[in-house]
There are 2 protein chains.
Amino acid sequence: MILSNACDYGIRAALYVATQRDRKFVPIREISEKLQISFHFLTKILQILTQANLMTSFRGPNGGVAFARDPNQITLMDIIQAIDGPGIFEKCVLGLSECGDEHPCPLHERWAEIREELRQMFQSNSLARMATKIQQKGFRITDYLGNPNSTIH
Amino acid sequence: MILSNACDYGIRAALYVATQRDRKFVPIREISEKLQISFHFLTKILQILTQANLMTSFRGPNGGVAFARDPNQITLMDIIQAIDGPGIFEKCVLGLSECGDEHPCPLHERWAEIREELRQMFQSNSLARMATKIQQKGFRITDYLGNPNSTIH
DNA sequence: CATATTTAAGACTCTTTTGTCTGAAATTAT
DNA sequence: ATAATTTCAGACAAAAGAGTCTTAAATATG
Ligand code: SF4
Ligand code: SF4
């Protein structure tokens with residue numbers, strides 16, 4: 001609805017890596033299997049994140065991806081902007097050009113507020129903090145609906 | 001960002017028609033020219049609205065489209081659901097299936113609230129009421145940035 | 001009736017997004 | 001060294017979204 005498919009995948013992958021605290025590099029294959037995302041497609045998406053200097057990668061056995069800096073210092077907004085581009089929170093809800101207070105469309109007033117709330121939602125918590133909440137509260141990052149703590153899955 | 005291109009066009013066209021109070025049928029060609037939208041594309045979009053019984057149409061000279069019922073009884077939400085489909089305000093922000101309180105993703109709590117605000121934004125004002133505001137406050141529904149009351153445009 | 005106007009319907013093209021596949025390069029382990 | 005693992009790079013294909021075009025049908029006017 002607001003984010004591209006690729007962006008959703010990127011976020012979920014980043015959150016998964018964030019939950020793997022003590023590990024150095026997490027293989028993309030593992031992420032793709034756990035989250036049920038196409039391996040090759042996910043690879044491309046994570047390459048965007050490494051090129052944006054949000055993640056690092058390492059080839060060969062024991063390789064994978066990891067955060068380029070402290071996950072306490074990375075937000076979902078960083079990932080969104082890398083994948084869906086900057087400025088997706090600056091667009092007119094009716095698709096008009098030059099969105100701004102000077103040339104308002106009929107929804108401007110309310111939309112500008114909600115857009116700001118969305119922005120806050122995506123940048124108010126770090127990946128590290130979200131990972132903690134995911135584990136403590138059992139939030140899901142996959143389509144799987146069963147017990148998030150089951151070892152089967 | 002949230003709505004498809006087609007949906008933005010549909011909304012803007014509906015708002016334009018709503019501002020043409022006293023007239024019976026407004027030709028699609030006129031709408032497409034005023035709003036700078038491809039005539040043929042807009043035709044298809046408006047056909048969706050007539051098939052959804054939100055608008056009526058009339059062929060031949062003096063023909064065009066009009067609202068099927070009192071524009072005081074139609075909201076943007078009606079148009080959005082007709083064009084982008086029902087349930088676009090019921091999806092998980094991370095693209096997970098079976099969105100709901102029972103199987104929350106990490107953003108659930110906040111997203112569900114914001115999603116509700118969006119829904120409100122789109123269904124709190126009727127087309128008739130919005131048309132009045134557009135005219136009174138000079139809100140724009142086109143890319144044009146100049147004086148909305150100029151007769152040139 | 002003939003002509004002009006206007007929507008209806010649908011085929012068609014173009015672009016973007018999404019997803020797949022192959023081979024190369026880097027790294028580790030044997 | 002050789003083989004196995006894993007990311008990198010890019011070509012390729014499939015699907016969806018956006019937009020164009022042509023023809024038919026309905027209506028009005030002269
Ligand atoms: S009304 Fe809101 S969305 Fe529309 S142009 Fe103004 S700021 Fe942008
Ligand atoms: S967290 Fe929100 S968006 Fe995600 S599945 Fe639950 S309700 Fe849907």
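Letters A, B, ... are given to chains in the order of the sequence lines, protein chains preceding strands, and every chain is numbered from 1. What you see below is based on every heavy atom in this structure, not just the backbone, and it leaves out hydrogens, waters and symmetry mates.
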Query raised in the report: Is there a side-chain contact between I11(A) and L94(B) (heavy atoms, below 4.5 Å)?
Result: yes

Report task. Between Y9(B) and P61(A), just flag the one whose closest nucleotide in DNA chain D comes earlier from the 5' side. Result -> P61(A)

Report task. Have a look at E30(A) and say if it touches a base, only the backbone sugar-phosphate, or nothing, with a 4.0 Å heavy-atom cut-off. Result -> nothing

Query - Interatomic distance where CD1 belongs to I37(A) and C1' belongs to dT17(C) [whole Å] - result: 16 Å

Query raised in the report: With sugar-phosphate meaning primed atoms plus P, OP1 and OP2, does F58(B) contact a base, only sugar-phosphate, or nothing at under 4.0 Å between heavy atoms?
Result: sugar-phosphate

Query - Q51(A) side chain near dC8(D) phosphate (N/O to OP1/OP2, under 4.0 Å) - result: no

Requested in this report: Rounded off to whole Å, could you give me the CG-to-C1' distance for the N62(B) and dA4(C) pair?
Outcome: 12 Å

Report summary line: When rounded to whole Å, the CG to P distance for the pair L42(B) and dA8(C) reads 11 Å

Query raised in the report: Nearest to the side chain of R59(A), which nucleotide is it out of dA25(C), dT18(C), dA18(D)?
Result: dA25(C)

Query raised in the report: Below 4.0 angstrom from OP1 or OP2 of dT20(D), is there any side-chain N or O of S38(B)?
Result: yes

Query raised in the report: Given dG17(D), is OP1 or OP2 found less than 4.0 Å from the side-chain N or O atoms of S4(B)?
Result: no

Report task. Please determine, for the side chain of F41(B), which listed nucleotide (dA8(C), dT20(D), dC8(D)) has the closest atom? Result -> dT20(D)

Query raised in the report: Please give, in whole Å, the distance from dG10(D) P to I45(A) CD1?
Result: 18 Å

Query raised in the report: Is there a donor-acceptor contact under 3.5 Å linking the side chains of R115(A) and Q120(A)?
Result: no

Query raised in the report: Taking only N and O in the side chain of S57(B), is any of them less than 4.0 Å away from OP1 or OP2 of dA8(C)?
Result: yes

Report task. Could you work out which one of dT20(C), dT7(D), dT6(C) sits closest to the side chain of K44(A)? Result -> dT20(C)

Report task. Send over the distance from R29(A) CZ to dA4(D) P, rounded to a whole Å. Result -> 16 Å

Requested in this report: Would you indicate which nucleotide in dT7(C), dA18(D), dT7(D) comes nearest to any side-chain atom of I28(B)?
Outcome: dT7(C)

Query - Residue T50(B), side-chain atoms from C-beta onward, closest of dA8(C), dT28(C), dT7(D) - result: dA8(C)

Report task. Taking the side chain as every heavy atom from C-beta outward, state whether Q81(B) and I88(B) have any pair of such atoms under 4.5 Å apart. Result -> no

Query raised in the report: For DNA chain D, whose closest nucleotide is more 5', that of G60(A) or that of H40(A)?
Result: G60(A)

Query raised in the report: Of I141(A), L42(A), L15(A), which is the lone residue that meets side-chain contact (heavy atoms from CB on, under 4.5 Å) with L35(A)?
Result: I141(A)

Query raised in the report: Between F39(B) (CZ) and dT20(D) (C1'), how many Å, whole number?
Result: 12 Å

Query raised in the report: Rounded to whole angstrom units, what separation is found between the CD1 atom of I83(B) and the C1' atom of dG17(D)?
Result: 14 Å

Query raised in the report: Do V17(B) and I31(B) touch side chain to side chain, with heavy atoms closer than 4.5 Å?
Result: yes

Query - Within-4.5 Å side-chain heavy-atom neighbours: R23(A) and E30(A) - result: yes

Query raised in the report: When the distance from CD1 of I48(B) to P of dG19(D) is rounded to whole Å, what number comes out?
Result: 13 Å

Query raised in the report: Distance check: side-chain N/O of N5(A) vs OP1/OP2 of dA16(D), anything under 4.0 Å?
Result: no

